[in-house]
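Below is one structure; the comments refer to it alone.
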Amino acid sequence: MKILVIRFSSIGDIVLTSPVVRCLKLQLAAEVHFLTKERYRDLVVANPHIDKVFLIEDAISPAMTDLHRERYDYIIDLHKNLRTLVLRLGLRRRFKSFNKLNFRKWLLVNAKVNQMPDRHIVDRYLGAVRSLGVQNDGKGLDFFIPKGQEVKLAKEWKYLRKNKQSPFVVFAIGAAHATKRLPEDQIRTLCQSLDLPIVLLGGPAESAVGERLASELGAAVFNACGRWRLGQSASIIQQATVVISHDTGMMHIAAAFRKPLISIWGSTVPAFGMYPYVPEAVDSFEIHEVKGLRCRPCSKIGHDRCPKGHFQCMKNQSMEKLAGSVRKKWSVANGF
């Protein structure tokens with residue numbers, strides 16, 4: 001059996017497809033191919049459960065000839081939008097997909113009526129292939145670092161060399177939308193409260209913030225924002241003792257590595273079904289959110305600014321409580 005799995009974006013969504021890929025490969029002995037965007041290649045190219053990767057920029061048409069040639073038995077559409085519909089119609093192969101529950105998400109955002117099922121998105125993804133005989137193996141997420149992208153952080157961070165490869169916290173300070181990120185002053189306060197070695201992780205958009213914070217907070221804080229590609233950032237997470245993250249792809253990579261995880265939520269909510277997925281160790285992560293706000297969630301993906309102007313979903317987060325949770329997981333992980 002030859003199967004094409006489709007998920008174009010983004011980081012977290014692609015990582016969340018890894019149980020489907022693994023179960024298709026190991027339970028059906030299928031030849032599994034994966035179609036995604038070029039910018040996300042690091043998420044899939046090293047996965048041993050994927051036999052072939054097809055990469056596109058934005059348009060699907062350049063890949064259609066090669067995809068036609070494969071003559072798939074099934075297409076597993078885990079993106080499910082107009083472009084994937086066009087692709088499925090063009091390839092004319094049998095397909096499986098899942099219900100994105102867009103109306104229920106709309107109800108939750110706009111009417112604050114929660115009709116979302118109490119099921120993680122991974123379980124809904126796996127539901128798309130249940131009729132093929134695939135079952136959830138309960139082994140959680142996978143992440144495989146591409147060859148040559150393992151980062152030796154001590155070469156870059158003097159503090160780590162001086163302190164003999166000291167354990168450290170990764171704080172993934174980025175997010176695609178501003179309403180999913182703590183403000184800079186709160187990040188600073190949290191880092192100061194911890195008094196632990198910290199690596200600030202993010203993309204180019206967070207580089208300036210990371211540089212300011214590292215400069216202000218001293219040698220025990222290292223700015224890795226915008227320095228490395230995706231697989232290398234994952235390598236840093238793999239080396240961390242504890243990870244702090246917003247509701248982002250880095251959160252899911254940390255879950256894939258089974259890292260003790262503090263997950264901070266702002267304008268989005270776990271009820272959408274995309275909280276950390278660690279079925280074999282549900283106590284490995286903590287979710288921190290400001291409950292009781294009538295305006296929350298204000299979006300299923302986030303905004304560039306708070307629609308109400310007050311940003312209470314992040315500004316009302318307790319840095320003291322967050323710091324306490326991090327210290328507790330740090331102590332347990334280090335055997336204190």
Side-chain angles (χ1 to χ4, degrees), residues 1-105 119-137 141-144 146 230-231 249 252 256 272-274 277 300-301:
M1 186 180 291
K2 186 186 287 189
I3 295 174
L4 174 67
V5 178
I6 304 171
R7 183 72 217 193
F8 294 138
S9 62
S10 51
I11 296 171
D13 301 278
I14 295 169
V15 174
L16 291 169
T17 67
S18 60
V20 177
V21 168
R22 180 182 65 244
C23 291
L24 287 171
K25 184 67 178 176
L26 299 182
Q27 295 179 24
L28 302 183
E31 180 178 341
V32 180
H33 296 186
F34 202 100
L35 174 63
T36 191
K37 290 185 177 182
E38 171 69 37
R39 70 195 73 152
Y40 301 116
R41 66 158 52 234
D42 288 356
L43 302 176
V44 292
V45 292
N47 191 328
H49 305 126
I50 297 175
D51 298 284
K52 193 171 185 178
V53 175
F54 288 92
L55 300 168
I56 61 172
E57 292 295 341
D58 287 303
I60 298 173
S61 51
M64 285 298 290
T65 299
D66 290 336
L67 292 171
H68 261 298
R69 198 175 290 128
E70 298 290 345
R71 298 191 61 80
Y72 294 107
D73 293 290
Y74 283 98
I75 296 170
I76 311 301
D77 183 0
L78 300 181
H79 200 96
K80 198 178 181 185
N81 65 2
L82 181 58
R83 285 190 302 164
T84 61
L85 173 61
V86 171
L87 184 147
R88 294 191 329 243
L89 292 173
L91 294 181
R92 291 177 290 179
R93 314 307 295 174
R94 290 176 291 182
F95 74 93
K96 303 288 182 181
S97 189
F98 76 111
N99 189 343
K100 295 180 79 169
L101 303 178
N102 284 335
F103 179 66
R104 295 191 188 192
K105 292 175 185 175
R119 294 179 71 208
H120 198 282
I121 186 70
V122 170
D123 295 307
R124 289 167 48 210
Y125 281 168
L126 284 161
V129 294
R130 188 175 296 117
S131 64
L132 299 180
V134 172
Q135 296 182 338
N136 189 344
D137 61 9
L141 306 179
D142 290 326
F143 194 95
F144 302 92
L230 194 48
H252 297 299
F272 288 130
M274 297 187 71
Y277 188 73
K300 63 180 182 180
I301 59 172

Rounded to the nearest 0.5 Å, what separation is found between the [atom1] atom of [X] and the [atom2] atom of [Y]?
X	Y	atom1	atom2	answer
Arg130	Lys96	CZ	NZ	11.5 Å
Asn102	Lys80	CG	NZ	8.5 Å
Leu78	Leu35	CG	CG	11.5 Å
Asn81	Ser9	CG	OG	8.5 Å
Met64	Ile56	CE	CD1	11.0 Å
Leu16	Asp123	CG	CG	10.5 Å

Hey, does the side chain of [X] reach the backbone of [Y] with a donor-acceptor pair shorter than 3.5 angstrom?
X	Y	value
Asp73	Lys2	yes
His68	Gly90	yes
Arg119	Gly273	no
Ser97	Asp77	yes

Report task. In plain terms, say whether Asp51 and Lys25 are close enough for a salt bridge, that is, a side-chain N and a carboxylate O under 4.0 Å apart. Result ->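 A salt bridge links Asp51 with Lys25.
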Query raised in the report: Is a salt bridge present between Arg39 and Asp58, judged by a nitrogen-to-oxygen distance below 4.0 Å?
Result: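 Looking at Asp58 together with Arg39, the answer is yes, because their closest N to O distance falls below 4.0 Å.
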Query raised in the report: So does Glu38 have more than 12 non-hydrogen atoms from other groups sitting under 6.0 Å from CD?
Result: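 Count over threshold, so yes.
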Query raised in the report: Does the side chain to side chain contact (heavy atoms under 4.5 Å, CB included) test come out yes or no for Thr36 and Leu43, once each step is laid out?
Result: CA-CA 10 Å; Thr36 191; Leu43 302 176; over 6 Å; no
With a 4.5 Å cut-off on side-chain heavy atoms, are [Y] and [X] touching?
X	Y	value
Val129	Leu28	no
Ile121	Tyr277	no
Tyr125	Asp13	yes
Lys105	Phe272	yes
Arg93	Leu4	no

Requested in this report: Please determine, by modelled atom types, if Asn47 and Asp142 share a side-chain donor-acceptor pair under 3.5 angstrom.
Outcome: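 On atom types as modelled, these side chains do not qualify, holding no pair under 3.5 Å.
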[X] vs [Y] aromatic rings, parallel, tilted or perpendicular, using cut-offs 30° and 60°?
X	Y	value
His33	Phe54	tilted
His49	Phe144	perpendicular
Phe8	His79	tilted

Report task. Step by step, work out the side chain to side chain contact (heavy atoms under 4.5 Å, CB included) result for Ile75 and Leu91. Result -> CA-CA 9 Å; Ile75 296 170; Leu91 294 181; 3.6 Å; yes
Query raised in the report: Under the side chain to side chain contact (heavy atoms under 4.5 Å, CB included) criterion, do Thr17 and Ile76 qualify, and how do the steps go?
Result: CA-CA 11 Å; Thr17 67; Ile76 311 301; over 6 Å; no
**Report entry** Arg88 to Phe95 six-membered ring, cation-pi geometry met (6.0 Å, 45°)
**Finding:**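 Yes - Arg88 lies over the ring of Phe95, closer than 6.0 Å to its centre and within 45° of its axis.
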